[in-house]
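Reading through the structure tokens given below for one structure.
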Amino acid sequence: MYTAHPDRYADMPYRRTGRSGLKLPALSLGLWHNFGPDRPVETQRAILRRAFDLGVTHFDLANNYGPPPGSAESALGAALKADFAPYRDELVVSTKAGYLMWPGPYGEWGSRKYLLSSLDQSLSRMGLEYVDIFYSHRPDPDTPLEETMGALHTAVQQGKALYVGVSNYSPEQTREAARILAGLGTPLLIHQPRYSMLDRRPETSGLLDALDELETGSIAYSPLEQGLLTGRYLDGIPEDSRAASDSPFLDSDAVTGELVGKLRALNDIAGSRGQSLAQMALAWVLREGRVTSALVGASSPQQLEDSVAAVRNLDFGADELARIDEIVTK
């Protein structure tokens, strides 16, 4: 029988999400990979237990996480029943809908029919009455934004979600989504963009500025750039890496000699800070407090512990930030 560590809240910083009352841990656990039937169940449960013991109270999912789609939610549901039933009120569980889940015209995108049907399926897989955050995973070019946001509002009105968010929305779409939701009486809690030292689009597009104006929180996914910022690629492409496996998320052609040189230079800065490259990359995303939380994945409890250690040093000097910018943008 799992009993949570009594000091689980001692070291993890918690940040208020926008202007809401909800606080998220600086690091949240994403179940995008490593939570499907191809992974040992005990390893999955050990990662979740270790995360909670370290103060990681937020588990982030989507309906299509696995593989196969839906299996990550099913895996979490089993762990919630076995280990976390006494701690449900200490957890933030989020899920999303937007990508393909079943065949036919109602199995993806942003219609009211799809979003609310998908949420019901997600709740069933996880064995929950509600999720804490329900996201529109991507904007739908063919569905009025009023319909998509109206579906999120309905989820809250039905008691199936406490808060709502969006992911992969442009600054303009985010502003309009927030306006529509405000009119309905359901605030836009959070935006989940892709953001890392190597992917600055939330800065360059004005998304972070828009979120500041809207007083909306943010949670960054892929802060380690699909593993490029873990230090595994300092000597090229390892045989067992994502880039070597023809992953759709990381093309081996992207791992050029120029990129490896940049990674090595960044690793030198991390070493001078007493951090691994991965820890510095996470700290960089969390610098200045503009990002509420950063999502990390884990294939083992030890990997998770290494990521969580990043919170010990989230401060950067101006010279460090300038040097990082110089390396990445040259």
Side-chain angles (χ1 to χ4, degrees), residues 2-32 47-61 76 79-80 83-96 128 130-135 156 161-167 187-193 195-196 202 208 211-212 214-224 273 275 278-298 301 303-316:
Y2 167 68
T3 301
H5 197 287
D7 296 329
R8 58 190 174 277
Y9 296 113
D11 299 319
M12 176 63 68
Y14 296 88
R15 297 179 169 187
R16 192 171 300 279
T17 312
R19 64 187 300 269
S20 78
L22 182 68
K23 292 183 178 180
L24 291 179
L27 293 179
S28 298
L29 180 64
L31 279 69
W32 185 9
I47 292 168
L48 292 165
R49 291 192 295 259
R50 188 61 182 139
F52 191 54
D53 283 345
L54 292 170
V56 178
T57 54
H58 178 206
F59 299 154
D60 177 82
L61 301 99
L76 180 64
L80 291 173
D83 295 327
F84 295 101
Y87 306 106
R88 173 63 182 100
D89 292 335
E90 296 183 49
L91 292 172
V92 173
V93 177
S94 62
T95 197
K96 316 174 195 71
L128 294 175
Y130 70 93
V131 291
D132 297 274
I133 308 171
F134 181 46
Y135 289 86
V156 173
L162 301 185
Y163 301 93
V164 300
V166 297
S167 181
L188 177 62
L189 174 80
I190 195 166
H191 188 297
Q192 187 173 132
Y195 185 40
S196 74
L208 292 183
L211 297 178
D212 288 343
L214 295 168
E215 296 183 280
T216 293
S218 60
I219 179 166
Y221 75 87
S222 293
L224 302 180
R273 291 169 50 83
Q275 292 182 314
Q279 290 166 349
M280 185 180 77
L282 294 170
W284 183 90
V285 165
L286 294 166
R287 76 199 188 286
E288 301 171 355
R290 297 188 79 186
V291 169
T292 312
S293 184
L295 279 168
V296 296
Q303 187 180 51
L304 180 70
E305 290 169 1
D306 182 74
S307 294
V308 170
V311 303
R312 297 172 188 163
N313 184 10
L314 299 179
D315 297 324
F316 287 83

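This one's a predicted model, so the numbers in the text were calculated from it and none came from an experiment.
Judged purely by atom type and a 3.5 angstrom limit, Glu90 has no side-chain atom pairing as donor or acceptor with the backbone of Thr57. At distances below 3.5 Å, not a single donor-acceptor pair connects side-chain atoms of Lys96 with backbone N or O atoms of Phe134. Without hydrogens or angle criteria, Thr17 side chain to Leu22 main chain gives a donor-acceptor distance under 3.5 Å. Thr216 places a side-chain N or O within 3.5 Å of a backbone atom of Leu188 that can act as its donor or acceptor partner. Judged by distance alone, with hydrogens and angles left aside, the side-chain atoms of Tyr163 form no donor-acceptor pair with the main-chain N or O of Ser94 at under 3.5 Å. Checking side-chain atoms of Asp83 against main-chain N and O of Tyr2 turns up no donor-acceptor pair under 3.5 Å.
Heavy-atom minimum distance, Leu211 versus Ser218: CD1-CB, 3.7 Å. Residue Ser196 comes nearest to Pro223 through the heavy atom pair CB-O, 3.4 Å, listed as atom of the first residue, atom of the second, then distance. Among all heavy-atom pairs drawn from Asp132 and Val92, the shortest one is OD2-CA, 3.4 Å. The minimum heavy-atom distance between Asp60 and Gln192, with the atom names listed, is OD1-NE2, 3.2 Å. Closest of all the heavy-atom pairs between Pro25 and Met12 is CB-CG, 3.8 Å. Residues Tyr14 and Arg8 approach most closely at OH-O, 4.2 Å, considering heavy atoms.
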Candidate pair Ile219 and Tyr195, rule side chain to side chain contact (heavy atoms under 4.5 Å, CB included), full reasoning: CA-CA 9 Å; Ile219 179 166; Tyr195 185 40; over 6 Å; no

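Partner Leu76 forms a side-chain contact (heavy atoms from CB on, under 4.5 Å) with one of Leu91, Leu31, Leu128 and no other, that one being Leu31. Shown are Leu282, Val285, Leu295; of these, the side-chain contact (heavy atoms from CB on, under 4.5 Å) with Leu224 is made only by Leu282.
Judged as a side chain to side chain donor-acceptor pair (under 3.5 Å), and not counting sequence neighbours, the contacts of Arg273 are Gln275, Glu320. Partners of Phe59 according to the ring-ring contact (aromatic ring centres under 6.0 Å, His included) rule, which considers only residues two or more places apart in sequence or in another chain, are Phe84.
Here Asp11 does not pair with Arg312 in a salt bridge; the nearest charged N to carboxylate O distance is not below 4.0 Å.
Within the structure, every pair that satisfies the side-chain hydrogen bond (donor to acceptor under 3.5 Å, both in side chains) test and touches residues 18-31, not counting sequence neighbours, is listed here: Ser28-His58, Ser28-Ser293.
Inter-residue side-chain proximity for Arg15 and Leu286 is flagged as met; some heavy-atom pair is nearer than 4.5 Å.
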